[in-house]
Structure formats: structure tokens, C-alpha cells
Asker: 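Next up is a structure, given as C-alpha cells.
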There are 2 protein chains.
Amino acid sequence: MDLIEIPDRKDQLREVAQTLFKEKGYAGSSMRDIAQIMGIEAPSIYNHVNSKHDLLKRICFEIADKFILIINNIKKSGSSHPAITLQTIILEHVEVVTENHDASAVFTNEWRFLEASDLDNFIKLRNKYERFIEKTIKDGLEQGIFKTNNTKLVTLSLLTSLNGIYHWYNPNGRLKAEDISHNIMNLFFLGLKR
Amino acid sequence: MDLIEIPDRKDQLREVAQTLFKEKGYAGSSMRDIAQIMGIEAPSIYNHVNSKHDLLKRICFEIADKFILIINNIKKSGSSHPAITLQTIILEHVEVVTENHDASAVFTNEWRFLEASDLDNFIKLRNKYERFIEKTIKDGLEQGIFKTNNTKLVTLSLLTSLNGIYHWYNPNGRLKAEDISHNIMNLFFLGLKR
DNA sequence: CCTACCGATCGGTAGG
DNA sequence: CCTACCGATCGGTAGG
């Protein structure tokens, strides 16, 4: 009845790994490093995961899936106004990054160390997400809501800004996810000029 | 008279290293990898550089120095209008990134592997550059030219967008550095909304 | 620029 | 979950 949720060893492992991979990179982190933080010996890790790549895979796809979920929900809701769609994406994306800042950093920086077959899959998901944003911007252009000469650059600038939040986001700071979203919307919609 | 510029071995080494560090990361690249591309044996590298860290140091500071040069030139020129200052920064920054896309990627992603003393120095330079941009935006705010609730977020969004260019920039593509700069200025000054 | 080689560390397995 | 250990690879040195 008074059960405290105890994350099982596999989840614990993933959390330690994502903190370490963020800090020292995938190639710069060793299984022995992870084991030491867990307070166990390195070979014991292999009772819970198959390989170091397996750990990376879990982390990268956990985040990728959350991003895909965002666009799937938007598609399901059937909303069609590009500005609202883009607002929703920004809002939800910032929430994912702020709630998973370690894993998001790994998603952004360490995905290239995935094994070939996982890498293919990962890139497909990432491209799908990217193309949805690009499509949204194109829709906005066609409807005369947006204005730009370079949809791709806007898409990628927005995405790198959103993904870069983990660099400076402080989970204990005064700035909440929603504040960050609104600031980013203001910047990308209205620009810096008064 | 007909001398072709032959990069000396040290420069050649730096170029191979920055391509490799970009592709596989600092920790994921070995001295033997570098040697193989150079067509020599790994120990021979040490006739030209002191260590693997030494290579990283050269690459990171080569770019850092170029960024610092941008703001030093602006300071020397005495120009004071924040919008023009920011335009100049964007223009010059994009030029550095597009002309040095491998080294820029290393600058952005691999600096954390610098040795302690170099790391301190590097962070100081990076902060100096960052603060100059932030100061420029603050000046613009005070003069009523700019408008934002979050100077830091604007600064970092702009910087991650600028630094992220190496992700998609194609040196053989139709998009020139100047085009990219203008598109980024448009986006960050005027925003996406019509 | 090379060969020969160092100690350290890597991801991972065997076997319990 | 451990101990014991594997072959491979790491950055780097000695000596020429």
C-alpha cells in the first residue's frame, strides 16, 4: 500500500547510462564506469542488457518515439491550421526535452554510434519528424500565414534550437517548459525586431 | 615561381583529424585511424604533435580564435547600432562555419574532451563570444530596436542555429554562405509569420 | 619515418 | 550478482 515505485534494474541502468553518455559521450563512457556508479561489477550489467549498444539504442529510441508520438497525436486530432500545429509541436517538443534532458542530449549527440540496422531505423524516425515540421511550414507558406525563402533552414534552425535546450535548461530554475515554449514561439514567429 | 602550396605535415594531420573527429567523435577516433588515412604508422604522428589532445586543442582553438576575431573587429570598427552589429556577427559566423565545416563540428561537439587547462581557456573564449552577442541584444532592447522576454534564449537559439549549419551545409551546393546568413537574419529578425 | 613494444583499458564471456 | 579472464585495441615511448 505504501509502495514506493522502485525502478527496476534495467531502468536504473538506462538512467545511469544516459547521464554518463551525455557527460562523456558514448565512446568516452565505459561499461566499467556505469557499473561503478551502479555499485556493481561490469559483467553484472550483462544480466540486464545485451550490450553497450543496446543501452544506447534504448535511450535514443525512447526519445525518438516521444517525438513521433507528438506528430501522431496531431495527425489524429485533425487540426489543420499550420500555426497551431507548429505551436503544438514546439510546446510538446520542449516538454520532452525538459523532462528528459539527459536522454535528449544523448538523442541529439550520440545517435551516430548506433549499430547499422538501428541507425537506419533511427534516421527514418528522425526524418519523418523533420519532414512533418517542414510540411507544416510549407502549408503555412501556401496559406499565406508564413513567410520564408528557405523552409529547410527554418525547420533545422527551429529543431536545433529546440534540441539545444538541454544545454542550458535547469530543472530547478524558475523557467518552466511552458515559458521556454512561449519564448521560442515568439522568437520564431515574430522575430527579434520590434 | 610555380610553387603549389603544399600544406605541411602538421596541417595535413589537423585536417585529417578534424574530418575524423567530426565523423566518429574524439573518443571514437584513434591515432591509428588517423595514421591509416595519412598512410603512415601511428607512432610517426608523434613527430608532429605531442598527443591526441594536442590535435583536438589545435582544432578547437583555431575556430574559437576566428569567432573572437569577429567581435574584436567589430569593437575596433566602433560601429554601435545593435542590429548592424548582430548582422555582422551572423554574416561572419556563417562564413567561419561554412569555410571550416569539419573543424566547426569539432568545435561544437568535441570541446568537452579538451584537457582541464585548455578546457578552462576554451570556455572563457566561448563565454566571451556569447556574452558579446547577449550584450548586443540587450543594447538593442534598451534602444527599443529589439523585443524579447528572454535574451539568453535568443542568444543561445541563434548560436545553436549558426553552429548547427555544418549539419546540412553542402560546400558544393547552390546555397552560399551569404544566402544562409540572409535567411538566418530574416528568420531571427522578422520571424516566420507574414 | 619505421619496428617493436609498453601498461592500461576496452566490451564481453565462462562458469558458478 | 561475482571472480577470473579473453582477445583486441588504446595512447604513447624507446631506439634507431
Side-chain angles (χ1 to χ4, degrees), chain A residues 6-61 103 106 109-119 122, chain B residues 6-61 103 106 109-119 122:
Chain A
I6 297 172
D8 76 347
R9 222 56 172 145
K10 207 185 264 185
D11 286 336
Q12 214 178 327
L13 216 35
R14 206 203 50 231
E15 276 163 35
V16 169
Q18 65 201 23
T19 307
L20 210 61
F21 291 171
K22 177 192 183 182
E23 241 175 75
K24 318 207 304 175
Y26 176 76
S29 308
S30 74
M31 295 302 257
R32 281 158 180 87
D33 290 336
I34 296 172
Q36 201 186 23
I37 296 173
M38 300 277 294
I40 59 177
E41 296 299 319
S44 302
I45 294 179
Y46 293 90
N47 287 302
H48 305 104
V49 295
N50 295 327
S51 64
K52 193 183 170 189
H53 276 114
D54 194 33
L55 274 170
L56 180 63
K57 183 181 169 182
R58 283 168 205 276
I59 299 166
C60 287
F61 282 92
V106 176
N109 293 322
E110 312 298 332
W111 59 269
R112 59 189 161 150
F113 295 105
L114 286 167
E115 285 176 313
S117 69
D118 297 329
L119 189 61
F122 179 87
Chain B
I6 296 170
D8 75 348
R9 221 58 172 144
K10 206 185 267 186
D11 285 336
Q12 212 178 331
L13 216 34
R14 207 204 51 231
E15 275 163 37
V16 169
Q18 64 200 23
T19 306
L20 210 60
F21 290 171
K22 176 191 183 182
E23 241 175 74
K24 320 208 302 175
Y26 175 77
S29 307
S30 75
M31 294 302 258
R32 282 160 179 83
D33 290 335
I34 296 172
Q36 201 186 23
I37 296 172
M38 299 276 295
I40 58 177
E41 296 300 319
S44 303
I45 294 178
Y46 293 90
N47 288 303
H48 306 104
V49 295
N50 294 327
S51 65
K52 194 183 170 191
H53 276 114
D54 194 34
L55 274 170
L56 180 64
K57 182 180 168 182
R58 283 169 206 277
I59 298 166
C60 287
F61 282 92
V106 176
N109 293 323
E110 312 299 330
W111 59 268
R112 59 190 160 146
F113 295 106
L114 286 166
E115 284 177 312
S117 69
D118 296 329
L119 189 61
F122 179 87

Asker: Expressed in angstrom and rounded to an integer, what is the separation of B/I45 atom CD1 from D/dG12 atom C1'?
Answerer: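 Atom CD1 in B/I45 sits about 11 Å away from atom C1' in D/dG12.
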
Asker: Within the 4.5 Å heavy-atom criterion, are B/K10 and B/R58 side-chain neighbours or not?
Answerer: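 Yes, close enough: below the 4.5 Å cut-off.
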
Asker: Could you work out which one of C/dT13, D/dG12, D/dC1 sits closest to the side chain of B/K52?
Answerer: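 So the side chain of B/K52 is nearest to D/dG12.
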
Asker: Mind checking whether B/H53 and B/Y26 have parallel, tilted or perpendicular rings, split at 30° and 60°?
Answerer: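 If you compare the ring of B/H53 with that of B/Y26, the planes turn out tilted.
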
Asker: Could you tell me whether B/D54 and B/K57 make a salt bridge, using a distance below 4.0 angstrom between a side-chain N and a carboxylate O?
Answerer: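 B/K57 and B/D54: not salt-bridged.
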
Asker: First locate atom CH2 of B/W111, then atom CG of B/D118, and finally report the distance between them rounded to the nearest 0.5 Å.
Answerer: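 Here the interatomic distance stands at 13.0 Å.
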
Asker: So do B/R9 and B/I40 actually touch side chain to side chain, heavy atoms under 4.5 Å?
Answerer: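 B/I40 reaches B/R9 side chain to side chain.
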
Asker: Taking the side chain as C-beta and beyond, is there a heavy-atom pair between B/V49 and B/R14 under 4.5 Å?
Answerer: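 No, their side chains stay 4.5 Å or more apart.
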
Asker: I need the CG-P distance between B/D33 and D/dT9, as an integer number of Å.
Answerer: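 Rounding to the nearest Å, CG of B/D33 and P of D/dT9 are 11 Å apart.
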
Asker: Where the side chain of B/P43 is concerned, which of D/dC1, C/dG11, C/dT3 is the nearest nucleotide?
Answerer: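 Of D/dC1, C/dG11, C/dT3, C/dT3 is nearest to the side chain of B/P43.
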
Asker: If you assign each of B/R32 and A/I40 to its closest nucleotide in DNA chain D, which residue comes earlier from the 5' end?
Answerer: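 Nearest nucleotide further toward 5': that of A/I40.
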
Asker: Roughly, in whole Å, what's the span from CG in A/L56 to P in C/dG11?
Answerer: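 It works out to 13 Å between those atoms.
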
Asker: Checking all strands, does B/S44 fall into the base, sugar-phosphate, or nothing category for heavy-atom contacts under 4.0 angstrom?
Answerer: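 Here B/S44 touches the bases of the nucleic acid.
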
Asker: Send over the distance from A/Q12 CD to D/dC1 C1', rounded to a whole Å.
Answerer: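 Between C1' of D/dC1 and CD of A/Q12: 14 Å.
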
Asker: Output the rounded distance in Å from CD1 (B/I34) to P (D/dT9).
Answerer: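 Going from CD1 in B/I34 over to P in D/dT9 covers 17 Å.
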
Asker: OH of A/Y46 versus P of D/dC2: gap in Å, rounded?
Answerer: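 In whole Å, D/dC2 P and A/Y46 OH are 14 Å from each other.
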
Asker: A/E41 CD to D/dC2 P: how many Å, rounded?
Answerer: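 Those two atoms, CD and P, are 5 Å apart.
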
Asker: Quick check for you: to the nearest 0.5 Å, what is the distance between B/M38 atom CE and B/D33 atom CG?
Answerer: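 Atom-to-atom, B/M38:CE and B/D33:CG are 13.5 Å apart.
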
Asker: Using the side-chain heavy atoms of A/S30, tell me which of these nucleotides is nearest: D/dT13, C/dC2, C/dC10.
Answerer: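 Nearest to the side chain of A/S30 among the choices is C/dC10.
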
Asker: Quick check: on DNA chain C, is the nucleotide nearest A/N47 upstream (toward 5') of the one nearest A/A42, or the reverse? Name the residue that is more 5'.
Answerer: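 Here A/A42 is the residue nearer the 5' end.
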
Asker: Starting from Watson-Crick (N1-N3 plus N6-O4 or O6-N4) and G-U wobble pairs under 3.5 Å, report the runs of at least three that DNA chain C belongs to.
Answerer: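 Stems for DNA chain C, defined as runs of 3 or more consecutive pairs: C:1-16 with D:1-16.
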
Asker: Output the rounded distance in Å from CD (A/E115) to C1' (C/dG12).
Answerer: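 Going from A/E115 (CD) to C/dG12 (C1'), I get 13 Å.
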
